[in-house]
Number of protein chains: 2
Amino acid sequence: MTINPGAAEFPHRQIAAQLRARIHRGDWAPGERLPSIPSLATQFGVAKQTVQRTIDQLRIEGLLITRPGSGTFVRGTKRRMNRLSRGRYGAERGYHAELAARYRQHLMQVGAMPCPPDVAEAFGIDVGVHLLVRRHLVRTGDAPVEVGASWFRPADVRGTSIERPDVFDRPLYQEVEAETGRRYTSARDQVSARLPTREEAELLQIRPDTPVLVLLHIAYDAEHKPIEVAQAAWPGPMTSLTEEYKIPGVRPGLPTDEPDLALG
Amino acid sequence: MTINPGAAEFPHRQIAAQLRARIHRGDWAPGERLPSIPSLATQFGVAKQTVQRTIDQLRIEGLLITRPGSGTFVRGTKRRMNRLSRGRYGAERGYHAELAARYRQHLMQVGAMPCPPDVAEAFGIDVGVHLLVRRHLVRTGDAPVEVGASWFRPADVRGTSIERPDVFDRPLYQEVEAETGRRYTSARDQVSARLPTREEAELLQIRPDTPVLVLLHIAYDAEHKPIEVAQAAWPGPMTSLTEEYKIPGVRPGLPTDEPDLALG
DNA sequence: TTGCATTTGTACGTATGTATC
DNA sequence: GGATACATACGTACAAATGCA
């Protein structure tokens, strides 16, 4: 537990590296409490502020959870696996029926709300226009793991079960198809990382400076008009999205104009 | 430009919110310099350290770029769009031939290197085993936008063009298929957000505390043995990955056991 | 219930180092 | 070389939350 103040790396980075290594090595089990910040400061021979800065960084990285008045704790196992929303429809469309049983998915709100920029752009409307939104929170055991919202144009779902706070016994998209007669034909997924909104941070029980992984999912009907725009957010450092798929055989085709992933 | 020290929000958060709003409103154009930190401190009536803390946060969020001795600058708000690697093989397999022309993709290294944990797990080998790696860097104009690496088992590509530092006139996976006789049959993508390695941060010209969006791509042959494991990283807050696809019709199928995305 | 010690979180002033112009 | 600007560390002080006696 020593720090070299003259080294190229700043003390707070050296300490961060040491703590990271010890956490990965298992010196403290998930959920276990680290020594207090003043105690670490004397152990490392630095000022309290310097250790505080280290802790701030490791918290943003998602390794630590801090509770004022209580202590600093190692976050539980990294990596929850989720599928990208393509899996929502599945290679086998419809297998999601028992999803509610495996997760504790909680329908939080059904009603009209002004839409955020992402959703507005997807629908091609102005920001702040009121849409119908169904918001949910997913928990595993105690911990919240996903906050999500599905947005619809009010005219599209007026008088249907979608605008009522009902919990359905089939996936939402199947309910929408049955109630509106429009079929989910294609979709567009957009993944990015950003800081959470204040509300997202509260619901996910993370701090506002911990990044979240965000998926914007736009579902289109046969005329390529948006039926539903869904947003989902997970605690960033803890989550990874996975997807598996077949690679098609060689077929001639046209090049596209969009920027593309290089990968080799 | 005033701060309320008695409010519920801490001063450094209040200042962050104000600066965020002004940047989004366009008070400073992308690339433009903000007032110096001491100057902002006197304007807001707080200590220099408090503004410094605000700037640290906005830099991690990706809004600002700081250059010691020079100043604090607004990062371009442009979102670069990339496709998920499924697009690598395309609905039209093979259109990637002209990709190298559209981007300035630079082959940085071809040789043996000890593999990182992600790649080891994908191949089912131990961490640190030496694999053949082809690493590249993609630039648009001046700015680096993607660092990537493709990993192979040495035995799989021994004596082929893959282990030579050649630039091919077709996509890498086509070269591999032609040289090894194995066909890319299925793949698995895994997206997550994390802090960059030291090297990634240098190559992407971002700070080590700015998160990156990472894609791990595993390509399998007909026997579901990994042929290639590719990793790509982009500056997180600036990038979003998109994908479009058709939604299949209703077909009965078996439920799977994997945790899944809820989304409604 | 009250009171007190502990712990995290923030702010401030000062000092020093380093990079840029 | 000098001025400017960002980056870090240290010590002190105080606030808020927690836990325990």
Side-chain angles (χ1 to χ4, degrees), chain A residues 2-19 28 31-60 63-75 201-202 205-210, chain B residues 2-19 28 31-60 63-75 201-202 205-210:
Chain A
T2 57
I3 289 299
N4 176 4
E9 279 289 0
F10 289 106
H12 81 267
R13 286 197 197 283
Q14 293 181 47
I15 298 173
Q18 290 195 30
L19 290 184
W28 300 282
E32 202 169 341
R33 210 197 112 196
L34 264 65
S36 78
I37 291 177
S39 142
L40 286 173
T42 60
Q43 282 179 42
F44 282 109
V46 297
K48 202 192 74 172
Q49 277 286 356
T50 307
V51 175
Q52 178 77 55
R53 177 155 193 174
T54 299
I55 301 297
D56 287 347
Q57 178 66 33
L58 296 183
R59 189 184 49 218
I60 292 179
L63 274 179
L64 298 180
I65 297 175
T66 56
R67 290 218 309 268
S70 178
T72 306
F73 304 84
V74 174
R75 166 114 59 175
E202 279 171 17
Q205 290 175 18
I206 58 175
R207 297 176 54 86
D209 52 9
T210 312
Chain B
T2 57
I3 288 300
N4 176 6
E9 278 290 1
F10 288 106
H12 82 268
R13 288 199 196 282
Q14 293 182 45
I15 298 173
Q18 289 196 29
L19 290 184
W28 301 284
E32 202 169 339
R33 212 198 108 195
L34 262 65
S36 78
I37 290 179
S39 144
L40 286 173
T42 60
Q43 284 179 41
F44 281 109
V46 296
K48 206 187 64 173
Q49 277 282 358
T50 306
V51 174
Q52 178 77 53
R53 177 156 193 174
T54 299
I55 300 297
D56 287 348
Q57 178 66 32
L58 297 182
R59 188 184 51 218
I60 291 180
L63 273 179
L64 297 180
I65 298 174
T66 57
R67 289 217 310 267
S70 178
T72 305
F73 303 85
V74 175
R75 166 123 54 178
E202 279 171 16
Q205 292 176 17
I206 58 176
R207 298 176 55 85
D209 52 11
T210 309

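Protein chains get the first letters and strands the later ones, always in sequence-line order, with residue 1 at the start of each.
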Report task. Send over the distance from B:Q57 CD to C:dT10 C1', rounded to a whole Å. Result -> 14 Å

Report summary line: To the nearest angstrom, the CD1-C1' distance between B:I37 and C:dC12 comes to 15 Å

Query raised in the report: Roughly how far, to the nearest 0.5 Å, is the CG atom of A:L58 from the OG1 atom of A:T66?
Result: 10.5 Å

Report task. Measure the spacing between CZ of B:R13 and OG1 of B:T50 and express it to the nearest 0.5 Å. Result -> 13.0 Å

Report task. Supply the atom-to-atom distance B:I15 CD1 to B:Q43 CD, rounded to the nearest 0.5 angstrom. Result -> 10.5 Å

Report task. Rounded to the nearest angstrom, tell me the gap between atom CD1 in B:I65 and atom P in D:dA5. Result -> 19 Å

Requested in this report: Using the side-chain contact (heavy atoms from CB on, under 4.5 Å) rule, take A:L63 and A:R75 through it: C-alpha gap first, then chi angles, then the decisive distance, then the call.
Outcome: CA-CA 6 Å; A:L63 274 179; A:R75 166 114 59 175; 6.0 Å; no

Report task. Give a yes/no on whether any side-chain N or O of B:T66 is located under 4.0 angstrom from OP1 or OP2 of D:dA7. Result -> yes

Report task. Rounded off to whole Å, could you give me the CD-to-P distance for the B:Q14 and C:dG9 pair? Result -> 19 Å

Query - Atom-pair distance (CD on A:Q52; C1' on D:dA13), nearest Å - result: 14 Å

Query - CZ on A:R33 to OG1 on A:T72, rounded to 0.5 Å - result: 7.5 Å

Report summary line: Of all heavy-atom pairs linking A:T54 and A:H12, the shortest is OG1-O, 3.1 Å

Query raised in the report: Just how far, in rounded Å, is P of C:dA11 from CD1 of B:I15?
Result: 8 Å

Report task. Scan nucleotides 16-21 of chain D nucleotide by nucleotide, 5' to 3', and note B when protein non-hydrogen atoms come under 4.0 Å of the base, S if they reach only the sugar-phosphate, - if neither. Result -> -BB---

Query - Distance (rounded to the nearest 0.5 Å) between A:I65 CD1 and A:S70 OG - result: 11.0 Å

Report summary line: For A:L64 and A:V74, the nearest pair of non-hydrogen atoms, with its separation, is CD2-CA, 4.1 Å

Shorter than 3.5 Å, N or O on both sides, protein versus nucleotides 9-12 of chain D: list them out with atom names.
{"unit_1": "D:dA9", "atom_1": "OP1", "unit_2": "A:P11", "atom_2": "N", "d": "2.8"}
{"unit_1": "D:dA9", "atom_1": "OP1", "unit_2": "A:H12", "atom_2": "N", "d": "2.9"}
{"unit_1": "D:dA9", "atom_1": "OP2", "unit_2": "A:H12", "atom_2": "ND1", "d": "2.7"}
{"unit_1": "D:dA9", "atom_1": "N6", "unit_2": "B:Q49", "atom_2": "NE2", "d": "2.3"}
{"unit_1": "D:dC10", "atom_1": "OP2", "unit_2": "A:A47", "atom_2": "N", "d": "3.0"}
{"unit_1": "D:dC10", "atom_1": "OP2", "unit_2": "A:T50", "atom_2": "OG1", "d": "2.3"}

Query raised in the report: Separation of A:I55 atom CD1 from C:dT10 atom P, in whole Å?
Result: 13 Å

Report summary line: The complete set of salt bridge (charged side-chain N to carboxylate O under 4.0 Å, His left out) pairs with one or both residues in residues 43-54 of chain B, sequence neighbours excluded, reads A:D56-B:R53

